Structure formats: C-alpha cells, structure tokens
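Note that the coordinates shown come from a computational prediction; the quantities given were computed from them, not determined experimentally.
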Protein chains: 2
Amino acid sequence: MPATLYDVAASARVALNTARKALQGDPTVRPYLARRVIEAAARLDYRPHTLARALKTRRLDVVPVSVINLHEIYFGELAEKLSNALIASNLEPILCTEPDHVFELVQTLNTCGSIFAYADFDQLSHPLARTQPVVTINAPFHRKANLGCVNADFEGGFRRAAQAVLSRGRKRIAVLSEIFHKIAYKNWPFDKFRAVERTLAEASVAPVRPVGEPCFETLGRLIETLAEGTEIDAVFCENDLWAARLFGALAARGVRVPDDVLIIGCDAGLILPGCWSVKIPIGDLAAQAVATLRRLLAGEVFIEPVIVPLSLVDEDGKDIA
Amino acid sequence: MPATLYDVAASARVALNTARKALQGDPTVRPYLARRVIEAAARLDYRPHTLARALKTRRLDVVPVSVINLHEIYFGELAEKLSNALIASNLEPILCTEPDHVFELVQTLNTCGSIFAYADFDQLSHPLARTQPVVTINAPFHRKANLGCVNADFEGGFRRAAQAVLSRGRKRIAVLSEIFHKIAYKNWPFDKFRAVERTLAEASVAPVRPVGEPCFETLGRLIETLAEGTEIDAVFCENDLWAARLFGALAARGVRVPDDVLIIGCDAGLILPGCWSVKIPIGDLAAQAVATLRRLLAGEVFIEPVIVPLSLVDEDGKDIA
DNA sequence: CTGAAAGCGCTTACAG
DNA sequence: CTGAAAGCGCTTACAG
C-alpha cells in the first residue's frame with residue numbers, strides 16, 4: 001500500500017492541507033514544518049496520486065498523441081520525437097494508434113490537450129477543440145479557437161525538388177506512389193506529387209505515366225514500362241523505402257543510378273548511392289507542435305499555422321541546390 | 001459539463017446505485033427501470049468517468065507499453081501491433097518511449113499491468129512485478145511471480161540462416177553490425193550474430209572480419225576491405241535497412257548480388273532482389289505478449305516463457321530451406 | 001499561517 | 001430488488 005498524503009501529514013504531525021502546501025513548496029508554510037513534511041514524505045516514499053488529483057482538479061497533465069501507421073518510419077520517428085518533446089515540456093504523452101481512441105480518452109480521462117498527426121481527422125479534432133486545445137500536424141488549416149496547426153511545406157519542398165531534377169536536364173520524369181495513384185486529384189491537401197506535376201507543367205514537361213493513370217502504382221508496372229523501351233530518367237518515389245526497392249530492381253537489370261535514372265525518395269531514412277531524398281524535418285515538426293500546444297494551454301486562442309520547410313539532400317545528407 | 005451517473009439517476013428517477021447496476025447490465029435491476037436508465041444515459045450522452053472509477057476500484061484498465069527507438073521499423077511495428085492487440089483485448093495501451101517513464105506511470109496511475117519491449121530493463125521490470133503483472137518481450141527469462149516473458153528465437157533463426165548460407169557453398173562470410181561490434185561477447189542475451197558465429201565454427205568456417213574485431217562496424221570498412229581484394233561472398237547485416245545500404249554500395253561498384261555477394265538482412269521490411277532476410281514475426285510476438293498478460297491478470301502466477309520462431313525468406317517473402 | 005470540512009464521480013458494503 | 005451512506009486521495013474554499 002503506497003503512502004497517502006494523509007499518512008505523510010500524520011507522520012509529520014501537521015494538517016493534511018499543510019502537508020500538501022509544504023510538498024508544493026508553498027512559502028506560507030513555516031520552514032521547520034515544511035522540513036518535517038518533506039522528510040516524512042521521503043521516509044514514506046510518498047508519491048502524489050495522479051488520479052485523485054485529476055479527479056479534483058479536472059485536469060490530467062496527459063496529452064494523447066494520435067500517430068497512425070507506426071510501422072512507417074516517418075510516423076515512428078514522429079511519435080518518438082513528440083513523446084520526447086512533451087516529456088521535456090512536463091506533459092505526459094499517451095501515444096495512440098487509433099484516432100477514435102484519442103477521442104474516447106479525452107472524454108473519459110481529464111486530458112489537457114491532444115495532438116493529431118494525420119491529415120484526415122477534422123471530424124475528430126474539431127469537436128475536440130471545443131473542450132480543450134488540439135494541435136494537428138500536416139492537416140489542413142482551419143481558423144478555429146483552440147486549434148493549432150503545424151505543417152511541413154510539401155508544396156514548396158517538392159516544387160524545389162522538381163526544379164532541381166529539371167535543372168539537371170532530366171525530362172522523362174515519373175512518379176511511383178501507390179497513394180498518389182489512389183488519391184490524386186481528390187483534393188488531398190498534402191499532395192507531394194501534385195506539386196511535382198505543377199512544376200513540370202510550368203516547364204512544359206509532361207510526366208511519364210501509364211495512359212489514363214495519374215502515376216505508376218507499382219514497382220512492377222514501372223519496370224515493365226522501362227522494359228518495353230519507354231525512356232525514364234528520373235523517378236519520384238513515395239518514400240525512401242520505395243526508392244530503395246526501385247534502386248534494387250534497376251540494379252538487378254543493369255540500369256545505372258543516377259546516370260540512367262535519378263531516384264528521388266522522401267523521409268531521409270535511407271538514401272542509397274546516387275539517390276536524392278526530400279527530407280522532412282520531423283524533429284522540428286514535433287517541437288513546433290508542442291510549442292503550439294503550450295501556447296494554447298497558456299491561453300492563446302487563435303494561432304496562425306506554423307509552416308516547416310523541407311530540404312532536398314543527397315546520399316551524404318548534403319543539401320542540393 | 002459532461003453528465004455524471006448522478007445526473008442519469010436523477011433523470012431516470014432511480015437511486016445512484018440502481019443506475020450504475022443498470023448500466024453494467026446487472027440482472028437484479030427490474031427491466032423497466034433498466035430501460036429508463038439506459039435511455040436517460042443515452043439522452044444525456046453519459047460516459048463513465050474513468051478516473052473516478054479507477055480511484056475507487058484501484059484499477060485502471062490501462063497498460064503502459066514501453067517501446068524504445070520507435071524510429072526503427074521493428075519497434076514501430078511492434079508498438080502498433082501491441083496497441084492493436086491490447087485494444088482488441090479491451091485494455092487501454094499507453095505507449096511510452098522512456099522505460100523509466102512507465103515506472104513512474106505505474107506508481108502514479110493505477111495501471112493494471114505493463115509490457116516492456118526491450119531486453120535491458122530487468123531492474124525496472126522486476127520491481128514492477130511485485131506490484132502487478134509485467135510481460136517482457138525479448139528479455140532474458142527469469143522465473144518470477146507475475147512476470148511473463150515472450151521471446152523470438154534469435155538463436156534458432158540465425159543458426160538456420162547460417163546453415164542455409166553454408167549450404168549454398170558460401171564460405172567467406174562476414175557480419176556488418178554496429179551493435180554486435182560494440183556488444184559482442186558481453187553476454188547480451190539476444191545476440192543474433194553469435195548464433196551465426198557458432199554455426200560457422202561448427203562447420204569449421206572462420207568468419208571474415210577485421211583483425212581483432214568481432215565484425216565489420218561500418219559499411220565503409222566493409223567496402224574498403226572488399227576493395228583491398230579480400231574475398232567475401234555473404235554478409236549478415238544488422239537489419240534490412242543496412243542490407244539495402246550494402247546492396248546500394250555494392251551495386252555502385254558493380255558487385256553483383258547475390259552472384260558475387262549474398263546479403264542477409266533482418267526484419268523483413270525491405271528485401272531487395274536476390275537478398276534474404278530473417279523475419280521476426282512481430283504480430284505473433286505482440287499477440288503472445290498480450291495473451292500472457294491476460295493470463296497473469298487472470299491470476300496465473302508463474303508462466304513458462306513463450307518462444308516464437310523466426311523464418312528465413314527471400315525477396316518475395318518465400319521461405320528458404 | 002494552520003487546520004477542519006466539503007466534494008470531484010464513482011463503487012462497495014449494507015440496511016431496508 | 002432498491003437506495004442511502006461511506007470513502008478512494010486529493011484540492012479548494014473558508015474559518016480560526
């Protein structure tokens with residue numbers, strides 16, 4: 001049975017409230033009493049009971065963090081960085097994989113705010129913001145009380161990446177992405193590859209893609225197309241893992257990277273020789289998200305969206321102009 | 001202000017306790033009253049207050065899960081699978097990146113058990129097991145009350161992998177692993193590559209490695225050694241990411257995979273053409289961990305360790321004999 | 001500056 | 001089968 005505040009007070013021979021004040025460093029407690037209390041607490045290995053406190057104060061310093069797809073390296077790293085940033089900020093992170101689950105938690109525990117790391121949850125995050133601060137990461141911005149918003153600048157990042165590819169004289173440019181294949185032109189707000197398409201269009205370069213489809217959906221399809229003799233000299237991939245798979249498939253067929261085909265991945269976990277990668281500054285996203293949450297908790301109501309820039313790097317992590 | 005049980009009872013014109021029983025489906029409540037209560041609860045959008053309940057029952061159905069290094073694909077996937085398995089089992093997962101943090105949570109919230117997904121935390125998990133069930137994943141087994149243990153069979157898996165490599169006639173076998181380089185022979189319990197070494201030794205094959213070192217620490221070092229003319233025809237890598245990096249470095253130098261060098265990765269996230277990978281059944285680990293926790297919660301005190309087998313697969317995910 | 005009382009929302013005996 | 005009372009461990013007025 002762990003010691004309660006009552007035990008501490010009894011052991012220090014003071015009133016309950018005095019014990020509490022002493023432990024919270026309230027200066028209105030006489031020093032010699034405070035000392036007695038603190039010693040008693042140490043002796044009894046007293047720890048405040050978070051539940052009881054939260055029940056009374058109606059506030060648990062717990063922040064549910066919704067991060068889906070933890071098996072993807074981007075989300076895993078984001079979850080880790082968010083956790084660390086919250087702890088450093090004296091908040092208790094609770095990672096959830098299911099966004100609905102955050103919703104439940106918030107209704108049922110007295111959480112103090114939450115963070116959503118995915119675009120598609122307006123219908124969850126907005127009602128939540130009526131009760132308490134919510135920060136979204138890479139979700140569309142809405143000007144709304146208690147709602148913060150931190151976004152990576154996919155548009156700018158991929159525009160610059162496309163320009164860099166064009167500036168190297170590449171004109172037969174393809175996109176390999178299952179997601180873009182599925183949701184292209186569906187008004188998805190963070191459509192990396194639409195920025196690429198727009199940039200190509202401005203340079204009057206038509207992307208290489210299967211007739212009637214927005215891009216290559218599978219690696220097999222892309223390789224097939226190459227084998228049929230269609231020329232491709234650069235490929236934007238959904239992420240670094242797909243970039244590596246493409247690298248492997250090309251290497252197995254004797255296609256040289258980057259001489260024949262330049263490969264551009266994303267997320268910077270793994271950049272193979274000659275490849276490029278668009279780097280998402282995950283640590284910055286996490287830090288900005290927690291900073292925004294802090295501002296909301298401190299009472300700010302409307303906060304402008306925070307935009308975090310991306311960069312384009314080579315295999316050594318060096319910036320590419 | 002959310003509705004409380006008191007509100008529901010008042011609205012249904014029954015006593016507090018009757019309302020509670022009705023909501024919990026207690027058959028001793030008269031049906032017509034139960035109906036009134038349930039309707040009132042629905043009308044008021046009542047949700048039981050988890051904190052208050054836990055304060056009284058001294059039991060929160062929350063399971064802290066300690067998973068470090070979430071940015072690594074293995075841990076990310078494990079965290080995700082554990083979360084899903086716990087939710088499916090009606091327990092509330094709380095993911096923590098810091099193991100010490102779990103310790104704090106358990107002392108401070110009334111959690112009902114916890115899961116540690118890393119080997120090195122005996123000094124945390126064992127004291128915890130005095131209070132409540134603890135399940136470790138890939139940690140050394142200790143016969144101890146309230147302590148469950150689920151382990152992947154690294155020894156067997158890598159032994160079979162090494163045998164498969166030998167059976168293909170490869171004799172110049174190297175290991176590329178920063179971790180093994182650091183902790184080899186330090187009694188680390190899940191030393192994948194020690195199993196490889198033993199298997200080679202039994203076949204009287206000496207591993208290829210820098211003089212006086214347990215293995216290659218960096219990719220650069222391995223490539224250098226190859227360039228100097230040392231023959232290597234198979235490399236065990238720490239994981240699939242390093243396998244891919246090695247693949248890339250070899251491809252850039254015109255070395256053929258697997259003809260010249262066979263690459264064996266681990267974790268099966270990413271297997272490039274011609275490579276092999278030792279597959280850790282993460283879903284099974286998670287399922288077994290939750291099942292073990294359930295048994296401990298149900299009152300079993302001593303549980304034998306659960307061993308989950310690994311498999312060796314090729315780029316298509318097919319088993320290799 | 002200190003201490004006794006009420007109450008957060010629930011559950012658990014227990015009396016009717 | 002139903003309902004009034006006590007209490008989980010804290011905090012928050014408030015009286016001394």
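- In this structure, A:Gln132 contributes its side chain and A:Thr111 its backbone to a donor-acceptor pair below 3.5 Å.
- Mapping A:Pro2 and B:Val14 onto DNA chain D by nearest heavy atom places B:Val14 at the nucleotide closer to the 5' end.
- Distance A:Leu51 CG to D:dC8 P: 15 Å, rounded to the nearest Å.
- Looking at heavy-atom distances under 4.0 Å, A:Arg59 makes no contact with the nucleic acid at all.
- Under the Watson-Crick or G-U wobble criterion, with both distances below 3.5 Å, D:dA4 has no partner in any strand shown.
- From B:Phe75, atom CZ reaches atom CG of A:Leu70 across 12.5 Å, with rounding to the nearest 0.5 Å.
- Side-chain proximity of A:Lys56 to the nucleotides D:dG9, C:dG7, D:dT12 is greatest for C:dG7.
- Note on B:Arg13: nothing from the nucleic acid sits closer than 4.0 angstrom, heavy atoms only.
- OP1 or OP2 of D:dC10 has at least one side-chain nitrogen or oxygen of A:Tyr46 nearer than 4.0 Å.
- Protein atom CG of B:Asp7 is 8 Å distant from nucleotide atom P of C:dG9, rounded to whole Å.
- For B:Lys21, taking side-chain heavy atoms from C-beta onward, the closest of the listed nucleotides D:dC10, D:dT2, C:dC10 is D:dT2.
- More than 12 heavy atoms of other residues, nucleotides or ligands shown are found within 6.0 angstrom of CG on B:Leu16.
- If you take NE2 on B:His49 and CZ on B:Arg47, they are separated by 13.0 Å, rounding to the nearest 0.5 Å.
- In this structure, B:Thr18 does not reach the D:dT2 phosphate: none of its side-chain N or O atoms is under 4.0 Å from OP1 or OP2.
- Residue A:Arg58 places no side-chain N or O under 4.0 Å from the OP1 or OP2 atom of C:dC8.
- Residues from residues 27-41 of chain A lying near DNA chain D, meaning a heavy-atom separation below 4.0 Å, are absent.
- Atom pair B:Arg20:CZ and D:dA6:P shows a separation of 18 Å (rounding to whole Å applied).
- The residue B:Arg53 sits close only to the backbone: its heavy atoms come under 4.0 Å of sugar-phosphate atoms, none of a base.
- If you check D:dT12, D:dC8, D:dC10 against the side chain of A:Thr4, the one that comes closest is D:dC10.
- Between A:Leu16 atom CG and D:dG7 atom P there is a gap of 15 Å when expressed in whole angstrom units.
- The CG atom of B:Leu60 sits 18 Å away from the P atom of D:dC8 (whole-angstrom rounding).
- The CG-P distance, from B:Leu5 to D:dG3, rounds to 13 Å in whole Å.
- Shortest non-hydrogen contact noted between B:Val135 and B:Cys149 is CG1-N, 4.5 Å.
- Annotation for A:Phe302: atom CZ counts as buried by contact number, over 12 foreign heavy atoms lying within 6.0 Å.
- Salt-bridge check for A:Lys81 with A:Glu77: passed, with a basic side-chain N closer than 4.0 Å to an acidic carboxylate O.
- Distance B:Leu55 CG to C:dT12 C1': 13 Å, rounded to the nearest Å.
- Between the P atom of D:dT12 and the CG atom of A:Asp26 lies a distance of 11 Å, rounded to the nearest Å.
- Within 6.0 Å of CZ on A:Arg130 lie no more than 12 heavy atoms contributed by other residues, nucleotides or ligands.
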